[in-house]
Amino acid sequence: MSQKKGTKKAEGGDAGAKKAPAGQKPSKGAKADVKREKPAPAEGGQKAKPMSAITVKKSEDFSDYFTQLVEKAELADIRYGVKGFVCYMPWAVMTIKKMYAKYEQLLEANGHLPLIMPTVIPKSFFEKESDHVKGFAPEVFWVTEAGGNHEKLEEPLALRPTSETALYSMYSMWIRSYQDLPFKRYQSCQVFRYEGRSTRPFFRAREFHWIEAHDVFATLEDARNQVLQDMDMSYKMVRDEFCIPIIFFQRPEWDKFAGAIHTYAADALLESGKVIQLPSTHLLGQNFSGPFNVRYVTKDGKDELGYITCYGPAISRIYGAMVAVLGDDQGLVLPWDLAPVQVVIVPIYFKGQAEAVDKACKEVEAEVKAKLDAAVKVDDRDYITAGEKFNEWEMRGVPVRIEIGPKDVEKGQVVVVTRVPRKKEFVPRAGLAGALEGIAKSYTQNLRDLHLLKFDSLVQRCDYIEDAKEAIDGNKIACVGLCSIDMSGYSCAEKVEKGTGGVIRGRRVDDEPNKFDRCVACGAPNPVAVYVARSY
RNA sequence: GGGGCCGUAUUCUAGCGGUCGAAGAUCCGGGCUUUGGGAGCCCGUCGUCGUUGGUUCGAAUCCAACCGGCCUCGCCA
């Protein structure tokens, strides 16, 4: 019987089999470490984890791994049936809300006030700035009719792909004088993009969740300083709090936000060897203040255009990146502050001793809540085994598990197990709060250290396009010389991208250690060092 | 947007022109028994075979289009 089951589970594992030969790999690697002694020899000969476990190794098939993680840790449900739109499940939402809260707090500490704008933008607003219109034209959802008879709207409404045009049309009314500047607002909202490329939960959707901050200043210099602050906030949040290593690039001229003077964007590197863009900040200068009439009166009575910046951390994508970067073969891993449940208590029941165990669990729960102010949960379900609970909470990335059984009650101790690193310890009840405090304090720091591989170690300096291709094929980022990231460098950039299969991400914003004598494509002297990588 | 693969119950799979009034496992509900790393037995429930149209005496099965999913290549948070 369990033989049959082993077989079935192996099959369950190839949820991905339909897509590629890679789907077959998993069963081979599937852990047989659990004491399931039936070999199930006839059909396939491999034991497998239950369907509730991830059946591929992250390092072997990242794409399948991510799909399974999203499904099995119940982060999103993709069965809604509209391309690019998914249900965000409670476990993900609880973390995402915490991420929002941290980000919003930081933005407010840096002088931003919250605001909520309408979701629809009239066509006429949207079309005021021509570069921006061109950039977004292909990916806007339009609301064109309404009512029972599908009456046509007099003016089509865009489902906002981003809010510049909505905000700045109001900013022109809200901002009157230099006394109003700097004028800094943010909103947490959803935006919509009719994405052509294939969609992925969290990473690329047609509806995504983000924060956008839009700031107006009296001088270009003030605006530039805001861009620096935006980058600093990104590091504080994305790297320090969410434990995702990132680096900022100035995007090439041909790859900037439509309507910006410059775009600066953080890239993270995922297990697949692809970079993904995380927060970006744009120096818009006066490109929008002209068309939208964002003006202010100076101290000496002159009428001036404001200088604008906008900053867009996409929380849903950052969440996806965090899940992807931190997760391991057991499932999700979360920083301490972001875990919906930080400590789970699993009672180990035995006939006739449940009451004593339950009582001890309740006591420990109360103590942890009181002394640590942590999110604690007692998993007292009596219809599944303790082992299954262990696996379930590990899949969900709960940082600490406390096991309490009859033996522990007797000895006045508990078992404390940390998710990362996976470590089991017997702790006397009297020392529990102290032990947990220690874990809580260092947990996130440990994760960060674990993942803060410096980009430097993943970057390969290359003098020839062929070398760069080799580096990129080996899941690395290539650093090459390019004559320019202005439009004058575009044709060389095309050659590099075609020759390497990567995309030019731009020039590092911080200090550049690599120096080049000539452009890899045309040989022109005094090139700028740029980074080339495959991207999501 | 291009190319490739795919769509049967919550999920995974079988069926590949008539024997399908669609099979098995899982899930779910009930009962017993269990719980220190993914338990077992018994009973029960669950199906617009993705949708629409076509071919055929007859379609889950063949064809087309659409919708969705996965993989892969050129443009973005």
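Order of the sequence lines fixes the chain letters, A, B, ..., with proteins taken first and strands second; residue numbering starts at 1 for each chain. These numbers come from the heavy atoms of this one structure, side chains and all, not from hydrogens, waters or symmetry mates.
- The same atom, C1', is picked in B/G50 and in B/G69; the two are 11 Å apart, to the nearest Å.
- Distance noted for atom C1' between B/G15 and B/U61: 8 Å (whole Å).
- Contact annotation for A/Ala205: base contact, defined as any heavy-atom pair under 4.0 Å involving a base atom.
- The base of B/G38 lies outside donor-acceptor range of the side chain of A/Thr385, with no N or O pair under 3.5 Å.
- Atoms CD1 (A/Ile54) and C1' (B/U11) sit 16 Å apart, rounded to a whole Å.
- Using a 4.0 Å heavy-atom distance criterion, A/Val346 is classed as making no nucleic acid contact.
- Taking the centre of each ring, A/His209 and A/Tyr88 come in below the 6.0 Å mark.
- Between A/Asp131 atom CG and B/C75 atom C1' the separation is 16 Å, expressed in whole Å.
- Across all strands, A/Leu278 comes closer than 4.0 Å only to sugar-phosphate atoms, never to a base (heavy-atom distances).
- One interatomic measurement links the two molecules: CZ of A/Phe192 to P of B/A77, which rounds to 17 Å at whole-angstrom precision.
- Taking atom C1' on both nucleotides, B/C62 is separated from B/C49 by 15 Å, rounded to a whole Å.
- Of all nucleotides present, only B/G44 satisfies the Watson-Crick or G-U wobble test against B/C28, with each distance under 3.5 Å.
- Dashed line: the shortest gap from a side-chain N or O of A/Gln277 to OP1 or OP2 of B/A77 is under 4.0 Å.
- Straight-line distance between the P atoms of B/G36 and B/C46: roughly 34 Å, to the nearest whole Å.
- For A/Lys351 and B/U34, the shortest distance from a side-chain N or O to OP1 or OP2 is below 4.0 Å.
- A salt bridge is defined here as a Lys NZ or Arg NE, NH1 or NH2 lying under 4.0 Å from an Asp or Glu carboxylate O, and A/Asp358 with A/Lys362 fails to meet this definition.
- Aromatic rings of A/Tyr235 and A/Phe248 (six-membered ring for Trp) have centroids within the 6.0 Å cut-off, being under it.
- With B/G36, B/A77, B/G37 as the choices, the nucleotide that has an atom nearest any side-chain atom of A/Arg193 turns out to be B/A77.
- Atom CE of A/Met51 and atom C1' of B/C28 are 13 Å apart (whole Å).
- In this structure, CE of A/Met395 is placed 14 Å from C1' of B/G37, rounded to the nearest angstrom.
- Remark: the A/Gln68 side chain and the A/Glu71 side chain contain no N/O donor-acceptor pair separated by less than 3.5 Å.
- By the criterion of a centre-to-centre distance under 5.5 Å and near-parallel planes under 30°, the ring of A/Phe208 forms a stack with the base of B/A77.
- Close to B/C71, at under 4.0 Å from its OP1 or OP2, lies a side-chain N or O of A/Arg200.
- The residue A/Ser234 sits apart from the nucleic acid: no heavy atom pair falls under 4.0 Å.
- In this model, the phosphate group of B/G50 is not approached by any side-chain N or O of A/Arg79 to a distance below 4.0 Å at OP1 or OP2.
- No contact: A/Ser316 has no heavy atom under 4.0 Å from any strand.
- Side-chain atoms of A/Thr500 and A/Arg534 form no donor-acceptor pair, as typed in the model, at a separation below 3.5 Å.
- As a whole-Å value, the separation of A/Glu195 CD from B/A77 C1' is 10 Å.
- Atom C1' of B/A14 sits at a distance of 37 Å from the matching atom of B/G1, rounded to the whole Å.
- For B/G2, its base never sits under 3.5 Å from the side chain of A/Arg197 at any donor and acceptor pair.
- A distance below 6.0 Å separates the ring centres of A/Phe66 and A/Phe203.
- Between B/U72, B/A77, B/G36, one nucleotide has an atom nearer to the side chain of A/Asp408 than all others, and that is B/G36.
- At the heavy-atom level, A/Gly84 lies under 4.0 Å from the strands shown only through sugar-phosphate atoms.
- Side-chain proximity of A/Asn391 to the nucleotides B/G1, B/G36, B/G37 is greatest for B/G37.
- Between B/U10 and B/G47, the distance separating the two P atoms is 8 Å to the nearest Å.
- Nucleotides B/A9 and B/U52, compared at atom P, are 16 Å apart to the nearest Å.
- A/Thr165 and A/Glu129 form no side-chain donor-acceptor contact under 3.5 Å, judged by distance and modelled atom types alone.
- B/G18 sits 35 Å from B/C28 when the P atoms are compared, rounded to a whole Å.
- Note: CD (A/Glu394) to P (B/G37) measures 12 Å, nearest angstrom.
- Rounded to an integer number of Å, the gap from A/Arg251 CZ to B/C76 C1' is 10 Å.
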